[in-house]
Amino acid sequence: MTDAIRSEWIKLRSARSNLVLIALAIALPLILSGLIAGLAGFDGSDSKEIFSNVVLGPNFLCVFLAGVIGVLGIGQEYRHNTIRVTFTSEPKRSRVLAAKVIVTTLFGLGIGLFSQLLDFGVASVILKIRDYSMSLTDPGSNLAAFSGQIALCGLFTLAGFGLGAIVRQPAGAIPVILVWPLIIEQILAGLLNLIHEGAQKWLPFAEGFRLANPDDTGLEAFGRVTAGLYFGAFVALLVGAGWLLVERRDA
């Protein structure tokens with residue numbers, strides 16, 4: 001199992017497309033965070049508002065790009081037919097899939113943590129120059145949202161892996177991981193609200209985003225922990241469906 005995990009880690013950090021996406025997932029939020037911290041005007045000194053705008057908002061770019069990397073974790077092997085070599089060297093497909101899930105999850109959590117810490121550090125320096133303050137622990141909701149976005153990044157990366165395992169082609173799975181949360185669920189939320197107010201809380205990605213919401217309130221949605229568990233269950237279904245299909249289909 002250790003060899004399988006090491007092999008998947010080498011694939012992740014050596015593929016050129018992954019390296020480009022990793023660089024973008026770190027650089028784009030950092031640039032946006034710095035611009036907001038340096039140019040935006042903030043009403044008063046509400047640490048929660050500043051933290052949300054400067055750190056949490058920009059890092060959604062990291063979350064979505066991590067999801068794309070999750071798709072490529074298995075999708076590009078099917079695209080280039082290298083999955084056959086992988087399964088030949090390790091006939092137990094469950095071992096390969098378990099290694100991919102472990103590496104994918106740890107990568108998503110790691111890049112989510114690193115990107116946010118980097119943005120927070122750089123933005124804090126810029127804000128201090130402008131006589132604004134931003135704390136990670138005061139109020140406590142900042143830390144909860146910070147931790148929630150790390151979890152969201154890990155789950156999003158894993159959701160991308162599940163979609164990649166189901167669709168098997170990045171060209172088909174990547175639009176889903178990007179378009180479904182940003183557009184399709186927004187349309188569905190409006191339609192569901194016409195039927196029953198508050199019904200949009202059953203949309204999985206919308207609830208997943210609540211993990212990174214500093215305001216853990218609202219009668220029309222789950223709380224942060226419940227929302228995270230709900231989204232986690234949805235991601236588990238995606239991964240389970242992809243796992244089953246990979247086990248049963250020809251490579």
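Throughout, numbering of the chain's residues begins at 1 and tracks the sequence.
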Closest non-hydrogen atom pair, [X] against [Y]:
{"X": "P181", "Y": "F156", "result": "CG-CZ, 3.9 Å"}
{"X": "P175", "Y": "P170", "result": "CD-O, 3.9 Å"}
{"X": "A241", "Y": "I166", "result": "CB-CD1, 4.0 Å"}
{"X": "Q76", "Y": "A15", "result": "NE2-CB, 3.8 Å"}
{"X": "Y230", "Y": "P204", "result": "CE2-CA, 3.9 Å"}
{"X": "F146", "Y": "L117", "result": "CZ-CD2, 3.7 Å"}

_In this structure, is the centre-to-centre distance between the rings of F205 and F234 below 6.0 Å?_
yes
Check: [Y] main-chain N/O paired with [X] side-chain donor or acceptor under 3.5 Å:
{"X": "D119", "Y": "V55", "answer": "no"}
{"X": "R93", "Y": "F87", "answer": "no"}
{"X": "S89", "Y": "V85", "answer": "yes"}
{"X": "S115", "Y": "I111", "answer": "no"}
{"X": "Q149", "Y": "L56", "answer": "yes"}

Do [X] and [Y] belong to the same hydrophobic cluster, where Ile, Leu, Val, Met, Phe, Trp and Tyr are linked whenever their side-chain heavy atoms lie under 4.5 Å apart, directly or via other members?
{"X": "L211", "Y": "L182", "result": "yes"}
{"X": "V68", "Y": "V20", "result": "yes"}
{"X": "L72", "Y": "V179", "result": "yes"}
{"X": "F107", "Y": "I10", "result": "no"}
{"X": "V125", "Y": "L39", "result": "no"}

With heavy-atom distances below 4.5 Å as the criterion, would you say the side chains of [X] and [Y] are in contact?
{"X": "R168", "Y": "I83", "answer": "no"}
{"X": "S94", "Y": "W243", "answer": "yes"}
{"X": "V167", "Y": "V176", "answer": "no"}
{"X": "I22", "Y": "F114", "answer": "no"}
{"X": "N18", "Y": "R13", "answer": "no"}
{"X": "F161", "Y": "L97", "answer": "yes"}
{"X": "F231", "Y": "L152", "answer": "yes"}
{"X": "L106", "Y": "I102", "answer": "yes"}

*Going from OH on Y78 to CD on Q169, what distance comes out if it is rounded to the nearest 0.5 angstrom?*
10.5 Å
*Can K11 and T82 be counted as having a side-chain donor-acceptor contact under 3.5 angstrom?*
no
*When you check the gap from the basic side-chain N to the acidic O, do K100 and E8 get nearer than 4.0 Å?*
yes
